Amino acid sequence: MNDVTRDWVRSLPKAELHLHLEGSLEPEMMFELAARNGIQLPFRSVAEIRAAYEFSKLDDFLAIYYQGMSVLRTRRDFRDLTFAYLQRAHADGVVHVEVFFDPQGHTVRGVPFADVVDGIVDGLAEGERQFGITHRLILCFLRHLSEEDAFATLETAKPHLSKISGIGLDSSELGHPPSKFTRVFAAARALGLRLVAHAGEEGPPEYVTEALDLLRIERLDHGNRALEDSALVERLRASGMTLTVCPLSNLRLCVVDDLRKHPLRRMLQSGLNATVNSDDPAYFGGYVLDNYMAIVAALDLSRAEVLQLTENSLRGAFATLDATSDLR
Ligand code: ADE
Ligand code: ZN
């Protein structure tokens, strides 16, 4: 019998480093915001929405994710979304978050960039006041869109860079390799932004290598398929790269067909700085603590392995956090 209890994992200080704010939009809030903004949803009930969350690959999810975020229209909407996420994170024992947002999913609908970012910052500030949760904000480029679109987004973001710590890359991976964004990541780096990218979720190990060599990422989002290349694993280990792993997301998007086959323990055994995160918790059936407990149960992780994961999350943050633990 495993002695890793939910209360114990909750009690461990931890950071969440892979969370799309738009992916924390619960169906209840989707309805609330649709009503507030006079938007007609193609669903009649929360149950009907949840029933639509059946995915066989990343692109199935992304279609419904972009549709869902269309209810977000005002600065207040983005504030409410962000604060609701932080309430959940606080309940899970999260002390620090480095969250993603997808501005192109909003500006394309005519929502001003400033309303998106300022609403998120309002929510983050309120979360810090009420719960003491510290934060960083990471702007993600949608990789299915063009390099030109990403450059335009970076330009729009320039007056807001005091509020944005880094740049990421998300959306449909296959067919949209990191190399497509080499120049825009170089421009972001020149502006002093930190760099992360989704790679090796569905895409091959070569995409991870491109993210390292061409984008010069400082943290790898997912990275599961890096394990197919032992030289790449050694490179990730030797450089101390943090991987932001998302177990329930991997299950729901069929990156793994059974959590018992999830590579997280193999990552730890290979000396990789793996962390546990929720990705899009409203869509994948759980927030960060649910992700810890699901992977603990599936892989029978020990207390020492869980402590390694939570310490990795604190050390992998761009903010400097105290990752020492006397709980071992
Ligand atoms: N956008 C939101 N969640 C994502 C994921 N898991 N992969 C790629 N893009 C995303
Ligand atoms: Zn993600």
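Treat the numbers as computed from the prediction; the structure is a model and nothing was measured. Numbers here are sequence positions counted from 1. Any value given below was found using the heavy atoms of this structure, including those in side chains, with hydrogens, waters and symmetry copies removed. Read the numbers this way: they start at 1 and go in the same order the structure lists the ligands and their atoms.
- A distance of 10.5 Å separates CG in Leu264 from SG in Cys246, rounded to the nearest 0.5 Å.
- The proximity of Phe100 to ligand 1, defined as any non-hydrogen pair under 4.0 Å, does not occur for either the backbone or the side chain.
- Checking only distances, Asp102 never comes within under 3.5 Å of ligand 1, N or O to N or O.
- Between Ser278 and Glu16 there is a side-chain heavy-atom pair separated by less than 4.5 Å.
- Here is the list of ligand 1 atoms found below 4.0 Å of a heavy atom in His222: 6 (N).
- Residue contact annotation: His198 places an N/O/S atom under 2.8 Å from the Zn ion (ligand 2).
- Each of the following atoms of ligand 1 lies closer than 4.0 Å to a heavy atom of Phe61: 2 (C), 3 (N).
- Residue Glu201 touches ligand 1 through its side chain alone, judged by heavy-atom distances below 4.0 Å.
- Residue contacts to the Zn ion (ligand 2): His18 brings an N, O or S atom closer than 2.8 Å.
- Side-chain atoms of Gln130 and Phe83, non-hydrogen and from C-beta on, do get closer than 4.5 Å to each other.
- When ring centroids are compared, His90 and Tyr85 stay outside the 6.0 Å threshold.
- Ring centroid separation for the pair Phe284 and Phe61 comes in under the 6.0 Å cut-off.
- A distance of 6.0 Å or more separates the ring centres of His106 and Phe113.
- Here the closest non-hydrogen pair linking Leu154 and Ala187 is CD2-CB, 3.9 Å.
- The nearest protein atom to atom 1 (N) of ligand 1, hydrogens excluded, is given as His20 CE1, 3.5 Å; this is a heavy-atom distance.
- Looking only at N/O/S atoms, His20 comes nearest to the Zn ion (ligand 2) through NE2.
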Side chains of residues 162-169: which donor-acceptor pairs under 3.5 Å do they make with residues two or more places apart or in other chains?
from, atom 1, to, atom 2, distance (Å)
Lys163, NZ, Asp118, OD1, 2.7
Lys163, NZ, His160, ND1, 2.8

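- Only one option out of Val306, Thr310, Val97, Asn312 pairs with Lys14 in a side chain to side chain contact (heavy atoms under 4.5 Å, CB included); it is Thr310.
- Looking at Ser171, Ala199, Ser249, it is Ser171 that brings a heavy atom closest to atom 10 (C) of ligand 1.
- In the vicinity of His198, heavy-atom distances shorter than 4.0 Å reach the ligand 1 atoms 5 (C), 7 (N), 8 (C).
- Considering both main-chain and side-chain atoms, His18 never comes within under 3.5 Å of ligand 1 through any nitrogen or oxygen pair.
- Side-chain contact check for Asp170 versus Asp102: some heavy-atom pair is nearer than 4.5 Å.
- Among the atoms of Asp279, an N, O or S atom falls under 2.8 Å from the Zn ion (ligand 2).
- In this structure, atom 6 (N) of ligand 1 lies nearest to the protein heavy atom Asp279 OD2, 2.7 Å.
- Each of the atoms 2 (C), 3 (N), 4 (C), 6 (N) of ligand 1 lies under 4.0 Å from some heavy atom of Asp280.
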